[in-house]
Every structure is written in structure tokens, then in C-alpha cells.
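Structure first, then comments.
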Protein chains: 2
Amino acid sequence: MIGYMKRDSRLSSVLHALLHMAELDDPMTSEQLARCLNTNPVVVRRTMGFLRRAGIVVSDRGHAGGWRIASDLAAITLRDLHNALGEPDVFAIGHRHEAPDCLVEQSVNAALDETFAEVQALLLKRMAHVTLADLADDFARRHTVRNSHHKEHEQDA
Amino acid sequence: MIGYMKRDSRLSSVLHALLHMAELDDPMTSEQLARCLNTNPVVVRRTMGFLRRAGIVVSDRGHAGGWRIASDLAAITLRDLHNALGEPDVFAIGHRHEAPDCLVEQSVNAALDETFAEVQALLLKRMAHVTLADLADDFARRHTVRNSHHKEHEQDA
DNA sequence: TTTTCATGTAACCTATCATGTTACATATAG
DNA sequence: CTATATGTAACATGATAGGTTACATGAAAA
């Protein structure tokens, strides 16, 4: 890999999973999702468990069990998912000491916190405006474009 | 600690260091800075080295050596420091696969990238507007406020 | 009811990475 | 020359996201 992994890729993972689930009508098992996500079924259960506890998905055990989306795609936002995942830290940049004695460090921390808090607020606002339905539409559009490109190529050849 | 450490606290560190340096007229040694920052002189050299290579600070070896700020405080922005540090990842949230085969995952990644890129742009813009002089002023103001609070307490007692 | 298939979860392993540390080379003022 | 400073390589440490194993629990099918 060129770069390196972000600290938390669960949001990306659950989005990926949810969109696959949205395409199918039957529930998907952790096993199936794990294959989609290139990961382990236990990791899927662990991560999807956050969404279950938030009421975003439903899981059924036993035969014909698996994971289902609980509500309408248009009603689930990125912000909902972020919240469900426990509102993990957004930024990889921050200060080391939470409550430093040094007045200079306090001042630096306060200034940085102010800037980062404002930006985080914007991010959360944006995330609250993007729904799963939007992403599904995005996907459909891209897929269509890709197909028409294919056709153009076929015509070229 | 309650939360956990952010992945990169170097921006906070160099700000802390630079403000201490700004208060003094003489150069400060890595040893002195390390005491201020509660860290190791080698870590200071390593981190400040980025600023040296970017021309933000100057280091002198030998007797009476140490670190000095190269230019005016009003000319150095948070963005400059961020750039000097190699423009590290701003977000702790991201996707796992840089170039996934799965079309769904591609779509998810693109949507997330779009949102995060916009927010990152705002952050960098904000950082470009905050100078070391601003932070020094902030500090002076806070320090004054704190002193007057002290005086009030003394009057109360 | 027994079997099979699914989730739920605890407990551990592993890779990665920021930071800390040791050791030593290099430069410079006195 | 010596003392004092940075420069840097090499390695240690600690935290953590994600992977893995093992097993309990529950539900449908046989």
C-alpha cells in the first residue's frame, strides 16, 4: 500500500455493507458481507452491532437469518451512522495533554480546539444531509455512465 | 487518560515550542524545549527539523546554539506549519482500500472523499488565516484575564 | 427433538505507527 | 582541544484498529 490506513474505516465499511444490503431483498449473512468487505465475519458482526443497537439494522439468527436494513434508505444519514458508531474522533491531529499546566500550551490548545470544532461542526452538518438513498442514486448513476462508456467502446471496436 | 491520543500532535507541539521561543530573545536548546513540552530532546530536534527545512526556524550548533524563529510571527500561519510537517492526514476517518474493485465501494469512497475534501479545504483555509502573532496575542490576553481574576480573588479574601 | 445455520461476544493475536530512547557523528564557540 | 550544541540512524515502547479463534445462544428445518 502507498499511503497508510486511516484510524477508523468503519463508516466506509458499513456504508459499503448497507448499499450491498439495499440491492438485495433477502437478508445478508455476516459471511456474505465479510466476502464483500474483504474482512472477517466477526468483524462484520462487531461493527454492524453498533448499527443494530442504534436501530438502523436488524439481525436475525438461525436459518435464513442475517442482516436487514430497518428503515427507509432516505431516512438514514451519514451522521446517523457516525453517531451509531459512537461518534469516533474525526481528526487525526490534536494535542497531547488534555489539561496542561503550562499557560502557553493551554492557549495553543484552546486556539486549535476552536478551529477544529468549527470545522467538525461543518462536517457533521454535511454528513446529516447525505442519506443512504443519495449514495444508492450516486451508485446507480455511476454504474449507468460506466455502462454507456462500455457501449461507446464497443462501437469504437 | 479519558479519551485517547490523537495520531499526530506535532502541530500542537511546534506551536507550543514556537510561542515559548517567541517570548525569549535568545535561542532555545532542544533540551530546554523538551522540558517545556514534556518530551525528549531528540523528539524536539526531529520535529523542529521539519520547520528548519521549511525555513521557518533556524538552528545553530555548538556553544550558544539552539533554535530561533526565522521570520516575523505575523508571517507564519498554522497552514505553513502544517505544510512544513508534511501535510499529514487531517482525518482519522477514511476508507480502507485505496482503489477497490467493487463498484459499490468505489462509489462510497468517492462520496466520502467529496465530503471530506470540502471540509478539509475549509480547515486549511482557516489555518492559513491564523498566524503565530494571533496566538501570541491570544496568550497575552488570556494571561491578563487570568491575572485580573487573581486580583479579584485577592480583593475577595 | 435433533441438526444446522445464524448471530453475540469474550479473549487473544498482529501489524502499524507515533513517540520515546540510546548512541554516536558533526559542527562551532571559546 | 574541549565543551556544547544539533543531526540522524537504529531500536524500544505503547496504543489501537482490525483479524482470528472459540464457544455460547437462538431459531428454523429436518
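In the text below, chain A, chain B and the rest are named by the order of the sequence lines, each starting its count at 1.
- Counting any heavy atom pair closer than 4.0 Å across all strands shown, B:Arg46 reaches a base atom.
- Residues meeting the ring-ring contact (aromatic ring centres under 6.0 Å, His included) test with B:His20, sequence neighbours left out: B:His16.
- Proximity of B:Arg68 to the phosphate of D:dT6: no side-chain N or O atom is located under 4.0 Å from OP1 or OP2.
- Shown here are the side-chain hydrogen bond (donor to acceptor under 3.5 Å, both in side chains) partners of A:Arg52, two or more places apart in sequence or in another chain: A:Ser59.
- Scored by the side-chain hydrogen bond (donor to acceptor under 3.5 Å, both in side chains) test, A:Asp134 finds A:Thr131 as partners (sequence neighbours excluded).
- The distance from atom NZ of A:Lys6 to atom C1' of C:dA18 is 16 Å, rounded to the nearest whole Å.
- As a whole-Å value, the separation of B:Trp67 CH2 from D:dT6 P is 7 Å.
- Looking at A:Glu87, its side chain never comes within 3.5 Å of a backbone N or O of A:His82 through a donor-acceptor pair.
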Please write out the pairs of protein N or O atoms and N or O atoms of nucleotides 12-14 of chain D separated by less than 3.5 Å, giving the distance to one decimal.
none

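- The stretch residues 108-140 of chain A participates, sequence neighbours left out, in these ring-ring contact (aromatic ring centres under 6.0 Å, His included) pairs: A:Phe91-A:Phe116, A:Phe139-A:His143.
- Summarising the geometry, the separation between CG on B:Leu85 and P on C:dA18 is reported as 12 Å, rounded to the nearest angstrom.
- Comparing atom distances between the A:Asp8 side chain and each of C:dA18, D:dT6, D:dG18 picks out D:dG18 as nearest.
- Under the side-chain hydrogen bond (donor to acceptor under 3.5 Å, both in side chains) criterion, B:Ser13 pairs with no residue, sequence neighbours left out.
- Atom-to-atom distance recorded for B:Asp8:CG and B:Leu85:CG is 7.0 Å, nearest 0.5 angstrom.
- For DNA chain D, if you chain together Watson-Crick or G-U pairs that step i with j, i+1 with j-1 and so on, the runs of at least three with distances under 3.5 Å are C:1-30 with D:1-30.
- Annotation: side-chain hydrogen bond (donor to acceptor under 3.5 Å, both in side chains) contacts of A:Arg68 (sequence neighbours excluded): A:Asp60.
- In this structure, the CZ atom of A:Arg10 is 9 Å from the C1' atom of D:dA17, given to the nearest Å.
- Interface residues of residues 31-40 of chain A facing DNA chain D, ordered by number: A:Thr39, A:Asn40; criterion, heavy-atom separation under 4.0 Å.
- Note on A:Leu124: it clusters hydrophobically with A:Val14, by side-chain heavy-atom contacts below 4.5 Å among ILVMFWY residues.
- Shown here are the ring-ring contact (aromatic ring centres under 6.0 Å, His included) partners of B:Phe50, two or more places apart in sequence or in another chain: there are none.
- When the side chains of ILVMFWY residues are joined at heavy-atom separations under 4.5 Å, either directly or via intervening members, A:Val58 and A:Leu81 end up in two distinct hydrophobic clusters.
- Separating the CZ atom of B:Phe50 from the P atom of D:dT6 is a distance of 17 Å, rounded to the nearest angstrom.
- If you measure from atom CE of A:Met21 to atom P of C:dT7, you get 10 Å, rounded to the nearest angstrom.
- In terms of phosphate contacts, A:Ser9 brings a side-chain nitrogen or oxygen within less than 4.0 Å of OP1 or OP2 of D:dG18.
- For B:Trp67 and B:Ser30, the side-chain atoms include at least one donor-acceptor pair closer than 3.5 Å.
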| Under 4.0 Å protein heavy-atom contact, by nucleotide of nucleotides 22-29 of chain D - B base, S sugar-phosphate only | B--BBBBS
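- Applying the side-chain hydrogen bond (donor to acceptor under 3.5 Å, both in side chains) test to every pair with at least one member in residues 111-124 of chain A, sequence neighbours left out, gives these pairs: A:His95-A:Asp113, A:Glu118-B:Arg126.
- Regarding contacts with the backbone of C:dA15, every side-chain N or O of B:Arg96 stays at 4.0 angstrom or more from both OP1 and OP2.
- Distances shown here put a side-chain N or O of A:Ser30 below 4.0 Å from the OP1 or OP2 atom of C:dT7.
- Remark: side-chain polar atoms of A:Thr47 are paired, donor with acceptor, to backbone N or O of A:Val43 under 3.5 angstrom.
- To the nearest angstrom, P of D:dT4 lies 17 Å from CG of B:Asp26.
- Summarising the geometry, the separation between CE on A:Met48 and C1' on C:dA6 is reported as 14 Å, rounded to the nearest angstrom.
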